[in-house]
Chemist: 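Here's a structure for you.
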Amino acid sequence: MLTTQKRIGIIAIGTVALLLVPFIAMQFSNEVQWTAADFIVAGGLLLTLGFCIELIFRRAKSKTNRLLLLAVLLMAFFLLWAELAVGIFGSPIAGS
(Lines give C-alpha, C1' and ligand atoms only; values in the text may rest on other atoms or scores of the structure.)
Protein backbone atom coordinates (compact mmCIF):
# COMPACT_ATOMS: atom_id res chain seq x y z
CA MET A 1 0.00 0.00 0.00
CA LEU A 2 1.34 3.40 -0.95
CA THR A 3 1.59 6.15 1.62
CA THR A 4 -0.18 9.45 1.13
CA GLN A 5 3.09 11.23 0.39
CA LYS A 6 4.01 8.70 -2.29
CA ARG A 7 0.60 9.05 -3.94
CA ILE A 8 0.88 12.85 -3.92
CA GLY A 9 4.35 12.48 -5.44
CA ILE A 10 3.04 10.19 -8.17
CA ILE A 11 0.29 12.70 -9.01
CA ALA A 12 2.82 15.56 -9.13
CA ILE A 13 5.31 13.60 -11.26
CA GLY A 14 2.52 12.53 -13.62
CA THR A 15 1.41 16.14 -14.01
CA VAL A 16 4.95 17.31 -14.76
CA ALA A 17 5.44 14.45 -17.22
CA LEU A 18 2.27 15.38 -19.10
CA LEU A 19 3.27 19.06 -19.18
CA LEU A 20 6.63 18.11 -20.65
CA VAL A 21 4.88 16.99 -23.84
CA PRO A 22 3.85 20.49 -25.01
CA PHE A 23 7.08 21.97 -23.60
CA ILE A 24 9.22 19.63 -25.69
CA ALA A 25 6.94 20.10 -28.71
CA MET A 26 7.51 23.86 -28.45
CA GLN A 27 11.24 23.26 -28.93
CA PHE A 28 10.75 21.52 -32.27
CA SER A 29 7.68 23.15 -33.81
CA ASN A 30 6.13 26.56 -34.18
CA GLU A 31 2.68 24.94 -34.15
CA VAL A 32 2.71 24.65 -30.36
CA GLN A 33 2.77 28.07 -28.68
CA TRP A 34 2.01 27.85 -24.99
CA THR A 35 2.54 30.71 -22.54
CA ALA A 36 3.34 30.42 -18.86
CA ALA A 37 -0.37 30.93 -18.15
CA ASP A 38 -1.23 27.93 -20.32
CA PHE A 39 1.14 25.73 -18.33
CA ILE A 40 -0.22 27.03 -15.03
CA VAL A 41 -3.84 26.39 -16.02
CA ALA A 42 -3.09 22.95 -17.47
CA GLY A 43 -1.04 22.04 -14.40
CA GLY A 44 -3.82 23.18 -12.10
CA LEU A 45 -6.39 21.16 -14.03
CA LEU A 46 -4.26 18.03 -14.03
CA LEU A 47 -3.36 18.31 -10.34
CA THR A 48 -7.00 18.89 -9.42
CA LEU A 49 -8.03 15.89 -11.50
CA GLY A 50 -5.38 13.71 -9.86
CA PHE A 51 -6.31 14.77 -6.33
CA CYS A 52 -10.04 14.32 -7.01
CA ILE A 53 -9.41 10.81 -8.34
CA GLU A 54 -7.41 10.05 -5.20
CA LEU A 55 -10.25 11.38 -3.06
CA ILE A 56 -12.80 9.25 -4.90
CA PHE A 57 -10.73 6.11 -4.36
CA ARG A 58 -10.38 6.91 -0.66
CA ARG A 59 -13.97 7.87 0.09
CA ALA A 60 -16.20 5.85 -2.25
CA LYS A 61 -16.61 2.39 -0.78
CA SER A 62 -18.47 0.49 -3.49
CA LYS A 63 -17.12 -0.17 -6.96
CA THR A 64 -20.31 1.16 -8.54
CA ASN A 65 -20.03 4.49 -6.73
CA ARG A 66 -16.37 4.79 -7.68
CA LEU A 67 -17.07 4.16 -11.35
CA LEU A 68 -19.98 6.60 -11.39
CA LEU A 69 -18.03 9.34 -9.65
CA LEU A 70 -15.00 8.78 -11.89
CA ALA A 71 -17.18 8.96 -15.00
CA VAL A 72 -18.75 12.25 -13.87
CA LEU A 73 -15.34 13.68 -12.92
CA LEU A 74 -13.72 12.71 -16.22
CA MET A 75 -16.65 14.05 -18.23
CA ALA A 76 -16.45 17.38 -16.39
CA PHE A 77 -12.67 17.48 -16.89
CA PHE A 78 -12.88 16.80 -20.63
CA LEU A 79 -15.66 19.36 -21.14
CA LEU A 80 -13.68 22.02 -19.26
CA TRP A 81 -10.51 21.11 -21.15
CA ALA A 82 -12.29 21.32 -24.51
CA GLU A 83 -13.86 24.64 -23.56
CA LEU A 84 -10.50 26.10 -22.58
CA ALA A 85 -8.78 24.66 -25.66
CA VAL A 86 -11.20 25.61 -28.42
CA GLY A 87 -14.25 27.24 -26.82
CA ILE A 88 -16.89 24.68 -27.79
CA PHE A 89 -19.55 26.47 -25.73
CA GLY A 90 -18.39 30.05 -26.31
CA SER A 91 -18.31 30.86 -22.60
CA PRO A 92 -16.26 33.71 -21.09
CA ILE A 93 -13.68 31.30 -19.62
CA ALA A 94 -12.62 30.39 -23.16
CA GLY A 95 -12.00 34.02 -24.02
CA SER A 96 -15.11 34.37 -26.20
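Predicted model only: the values in this text are computed from it and were never measured. We're numbering straight along the sequence, starting at 1. Heavy-atom basis, side chains included; hydrogens, waters and symmetry copies ignored.
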Chemist: May I ask whether F78 and L45 are part of the same hydrophobic cluster, defined by side-chain heavy atoms of I, L, V, M, F, W, Y residues being less than 4.5 angstrom apart, directly or through others?
Modeler: yes
Chemist: Tell me, do E54 and I10 make a side-chain contact under 4.5 Å, heavy atoms counted?
Modeler: no
Chemist: Can you name the nearest heavy-atom pair linking L2 to R7, along with the distance?
Modeler: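 Reported closest heavy-atom pair: O-NH2, 3.2 Å.
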Chemist: Considering only heavy atoms from C-beta outward, does the side chain of W34 approach that of L19 to under 4.5 Å?
Modeler: yes
Chemist: Tell me whether V21 is reachable from V41 by hopping between hydrophobic residues (I, L, V, M, F, W, Y) whose side-chain heavy atoms are closer than 4.5 Å.
Modeler: no
Chemist: Heavy-atom count check: over 12 atoms from other residues, nucleotides or ligands less than 6.0 Å from F23 CZ?
Modeler: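 No - once you tally the heavy atoms of other residues, nucleotides and ligands closer than 6.0 Å, there are 12 at most.
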Chemist: Side chains of L49 and L74: closer than 4.5 Å at any heavy-atom pair?
Modeler: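 L49 vs L74: side chains touch.
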Chemist: Working to the nearest 0.5 Å, report the span between CG of L80 and CD1 of I88.
Modeler: 10.0 Å
Chemist: Could you measure the distance from the CG atom of L46 to the CG atom of L18? Nearest 0.5 Å is fine.
Modeler: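 Reported value, rounded in 0.5 Å steps: 5.5 Å.
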Chemist: Do I53 and I13 belong to the same hydrophobic cluster, where Ile, Leu, Val, Met, Phe, Trp and Tyr are linked whenever their side-chain heavy atoms lie under 4.5 Å apart, directly or via other members?
Modeler: no
Chemist: If you draw a 6.0 Å radius around CD in E31, do more than 12 non-hydrogen atoms from other residues or ligands fall strictly inside?
Modeler: no
Chemist: Rounded at 0.5 Å granularity, tell me how far CD1 in I11 sits from OG1 in T15.
Modeler: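 If we round to the nearest 0.5 Å, I11:CD1 and T15:OG1 are 7.5 Å apart.
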Chemist: Going through the checks in order, is the side-chain contact (heavy atoms from CB on, under 4.5 Å) test met by Q5 and I8?
Modeler: CA-CA 5 Å; Q5 286 183 333; I8 290 172; 5.7 Å; no
Chemist: Give a yes or no on whether I40 and M26 share a hydrophobic cluster (residues Ile, Leu, Val, Met, Phe, Trp, Tyr; joining criterion: side-chain heavy atoms under 4.5 Å apart).
Modeler: no
Chemist: Establish whether W81 and V32 are linked, either directly or via other cluster members, by ILVMFWY side-chain heavy-atom contacts under 4.5 Å.
Modeler: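 As far as the 4.5 Å side-chain criterion goes, V32 and W81 are connected within one cluster.
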Chemist: Measuring from atom CZ of R59 to atom CG of N65, what distance do you get when rounded to the nearest 0.5 angstrom?
Modeler: 14.0 Å
Chemist: How many angstroms lie between OG in S91 and CG in L84, if you round to the nearest 0.5 Å?
Modeler: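 If we round to the nearest 0.5 Å, S91:OG and L84:CG are 7.5 Å apart.
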Chemist: Is the shortest heavy-atom distance from the side chain of T48 to the side chain of F77 under 4.5 Å?
Modeler: no
Chemist: If I compare all heavy atoms of L47 with all of A12, which pair ends up nearest, and what's the gap?
Modeler: CD2-CA, 4.2 Å
Chemist: Indicate the atoms forming the closest heavy-atom contact of C52 with L73, along with that distance.
Modeler: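 Scanning both residues completely, I find the closest heavy atoms to be CB-CD2, 3.6 Å.
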Chemist: Identify the two heavy atoms, one from R58 and one from T4, that lie closest to each other, and give their separation to 0.1 Å.
Modeler: NH2-OG1, 2.8 Å
